[in-house]
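To find a chain, count down the sequence lines: A is the first, B the second, and so on, and within it residues start at 1. It should be emphasised that the depicted structure is a prediction, and the values quoted were computed from it without experimental measurement.
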Amino acid sequence: MSKNSLNKLIELDALIQKHGQKGVRLLHLFKLLKIKVIEMIEKEYPTILIDEETLNKICIQNAQRIIKRGKENLTEDDIKEIILKIMK
Amino acid sequence: MSKFRTGRRKDGRTYRYPVGPSRGRRIGKKVVGYKPKTPLQPPTLSRKMKESFVRGVIKSILSQTFFFKEINSTFTVADSIYTNWTLIKELYKNYEKEGFIGVVKSDVVQNAVSSIQTNIIWGVIKKYIPESYQTDSYNTILTITDKVTDEEIKYVEKFLK
């Protein structure tokens, strides 16, 4: 196993031990938003320089807003409702 | 104004040649030094992105209907990883000690083509994912879980305190 993946395993373990289900959800949602934003910018606005700091900040804020309103067992309709409330 | 200069030489021969920016010299029948005009390419300006721009992009992503399903499969994968973390961690440690054989022995991992991380996680959580979410969940592991970096994990942890 490479050093990078070992570091990642250690960090992920620490996150799960400390913050549980909420931590893993937030991490995955943050990464999903970040990937989608980068994909859209590269496709539709290729001349824009991607600033990682700004990107991280906005993605984590939006991910937190979604996680805060969510309950433990979420359905697709629950997620739709949460997002519609956030977008108002 | 005429585009040509005309006249008569001392020896009586007439001349006629174009005036204006040099487009080459004629030597006999051949024109030398001629460079065709090429249209100038406008310079591409790179702009630094602003916060308001990123917020707008996220808003348009969140408003896409299929995105609700992606978020749902992301949560399904995250919850399954959390629930089975002890087993996933154990398989990672086996891989560290014995290589791929240590992981294959567990009967959980079968696919040798994907990365070891994808293999381990998918092998463990697959049975907990509903049939209709299997493809999306596998893609979630490939694109998100596999690609998340340790710096990103540390960054997210700051917001959980």
Side-chain angles (χ1 to χ4, degrees), chain A residues 1 4-37 40-41 44-51 54-64 66 70 72-80 83 86-87, chain B residues 44-55 57-65 67-83 85-86 88-89 92-93 95-96 99 115-117 140 143-161:
Chain A
M1 190 185 275
N4 282 339
S5 53
L6 187 62
N7 284 343
K8 184 169 136 181
L9 178 67
I10 293 168
E11 292 298 334
L12 198 51
D13 187 43
L15 180 84
I16 290 173
Q17 299 297 341
K18 245 184 180 174
H19 304 287
Q21 189 188 42
K22 190 181 170 189
V24 189
R25 276 189 177 186
L26 184 64
L27 176 69
H28 278 74
L29 192 56
F30 160 75
K31 186 69 179 177
L32 173 68
L33 286 172
K34 191 172 169 180
I35 287 170
K36 289 290 168 192
V37 170
M40 193 175 249
I41 291 175
E44 307 208 3
Y45 311 97
T47 57
I48 299 273
L49 287 170
I50 294 176
D51 173 28
T54 308
L55 182 63
N56 282 347
K57 182 181 167 188
I58 307 301
C59 288
I60 196 77
Q61 280 175 2
N62 279 278
Q64 272 184 313
I66 295 170
E72 207 166 294
N73 299 314
L74 284 166
T75 62
E76 224 170 278
D77 292 327
D78 293 330
I79 293 168
K80 198 175 176 181
I83 288 171
I86 288 170
M87 299 221 330
Chain B
T44 47
L45 298 166
S46 292
R47 296 176 286 151
K48 199 175 172 185
M49 62 188 209
K50 294 181 186 173
E51 275 187 32
S52 53
F53 170 76
V54 182
R55 286 186 209 282
V57 171
I58 286 187
K59 207 171 179 180
S60 70
I61 291 167
L62 289 176
S63 60
Q64 291 167 355
T65 40
F67 196 62
F68 304 136
K69 195 174 181 195
E70 275 200 68
I71 295 181
N72 200 13
S73 50
T74 303
F75 281 156
T76 308
V77 166
D79 293 348
S80 301
I81 289 172
Y82 167 70
T83 311
W85 181 243
T86 314
I88 292 169
K89 206 166 74 170
Y92 267 131
K93 285 182 178 169
Y95 176 71
E96 205 190 356
S115 78
I116 192 63
Q117 289 172 41
T140 299
T143 55
I144 298 173
T145 319
D146 213 34
K147 300 277 183 286
V148 78
T149 62
D150 51 339
E151 288 91 14
E152 284 169 343
I153 299 171
K154 282 182 204 165
Y155 183 80
V156 167
E157 213 185 340
K158 286 185 212 165
F159 291 86
L160 286 160
K161 285 175 183 168

Margin query: Can you confirm whether B:Val148 sits close enough to A:Leu12 that some side-chain heavy atom of one is under 4.5 Å from a side-chain heavy atom of the other?
Written below: no
Check: What part of A:Ile35 gets closer than 4.5 Å to chain B, counting heavy atoms only: side chain, backbone, both or neither?
Finding: side chain
Item checked: Matching residue for A:Lys31 among B:Val156, B:Thr143, B:Ile144 - test: side chain to side chain contact (heavy atoms under 4.5 Å, CB included) -> B:Ile144
Note to self: Using 0.5 Å steps for rounding, measure from the CZ atom of A:Phe30 to the CD1 atom of B:Ile153.
What the structure shows: 10.5 Å
Next item on the list: Considering only heavy atoms and a distance below 4.5 Å, find which of A:Val37, A:Leu26, A:Ile58 pairs most often with chain B.
Entry: A:Ile58
Note to self: Taking side chain to side chain contact (heavy atoms under 4.5 Å, CB included) as the definition, give me every residue that meets it alongside B:Phe53, ordered by chain and number, with sequence neighbours left out.
What the structure shows: A:Ile41, A:Tyr45, A:Ile48, B:Met49, B:Val57
Notebook entry, point to check: Do the non-hydrogen side-chain atoms of A:Leu33 and B:Phe67 ever get within less than 4.5 Å of each other?
Noted result: yes
Notebook entry, point to check: For B:Phe159, is it the side chain, the backbone, both, or neither that has a heavy atom closer than 4.5 Å to a heavy atom of chain A?
Noted result: both
Notebook entry, point to check: Is it the backbone or the side chain of A:Gln21 that comes under 4.5 Å from a heavy atom of chain B, or both, or neither?
Noted result: both
Margin query: Let me confirm one number: the CD1-CD1 distance from A:Ile79 to B:Ile71, rounded to the nearest 0.5 Å.
Written below: 6.0 Å
Next item on the list: Tell me, out of B:Thr149, B:Thr145, B:Thr140, who's got the most heavy-atom pairs with chain A below 4.5 Å.
Entry: B:Thr145
Margin query: Any non-hydrogen side-chain atom of B:Trp85 less than 4.5 Å from a side-chain atom of A:Val24?
Written below: no
Check: chain A heavy atoms under 4.5 Å from B:Glu70: which part of the residue, side chain, backbone, both or neither?
Finding: both
Checklist line | Segment of A:Ile60 engaging chain B (4.5 angstrom heavy-atom cut-off) | finding: side chain
Notebook entry, point to check: Atom CG in B:Asp150, atom CD1 in A:Ile10: separation rounded to 0.5 Å?
Noted result: 9.0 Å
Checklist line | Flag if over 12 foreign heavy atoms under 6.0 Å of NZ, A:Lys22 | finding: no
Checklist line | Under 4.5 Å from a heavy atom of chain B, the part of A:Ile83 involved | finding: side chain
Next item on the list: Heavy-atom distances under 4.5 Å only: say whether A:Lys18 touches chain B with side chain, backbone, both or neither.
Entry: side chain
Next item on the list: Against chain B, label A:His28 side chain, backbone, both or neither, depending on which of its atoms sit under 4.5 Å from a heavy atom there.
Entry: both
Next item on the list: Counting only heavy atoms closer than 4.5 Å, note whether A:Glu44 contacts chain B via side chain, backbone, both or neither.
Entry: neither
Next item on the list: Using side chain to side chain contact (heavy atoms under 4.5 Å, CB included) as the criterion, list what pairs up with B:Lys154, not counting sequence neighbours.
Entry: A:Glu11
Next item on the list: Heavy-atom distances under 4.5 Å only: say whether A:Asn56 touches chain B with side chain, backbone, both or neither.
Entry: both
Item checked: From B:Lys147 atom NZ to A:Lys8 atom NZ, the distance as rounded to the nearest 0.5 Å -> 8.5 Å
Next item on the list: Give, as side chain, backbone, both or neither, the part of B:Ser73 having an atom under 4.5 angstrom from any heavy atom of chain A.
Entry: neither
Next item on the list: Working to the nearest 0.5 Å, report the span between CD of B:Gln64 and NZ of A:Lys36.
Entry: 7.5 Å
Next item on the list: Specify which of A:Asn62, A:Asp13, A:Ile66 makes the most heavy-atom pairs with chain B at under 4.5 Å.
Entry: A:Asp13
Next item on the list: Rounded to the nearest 0.5 Å, what's the gap from CG on A:Leu55 to CD1 on B:Ile58? Could you check?
Entry: 7.5 Å
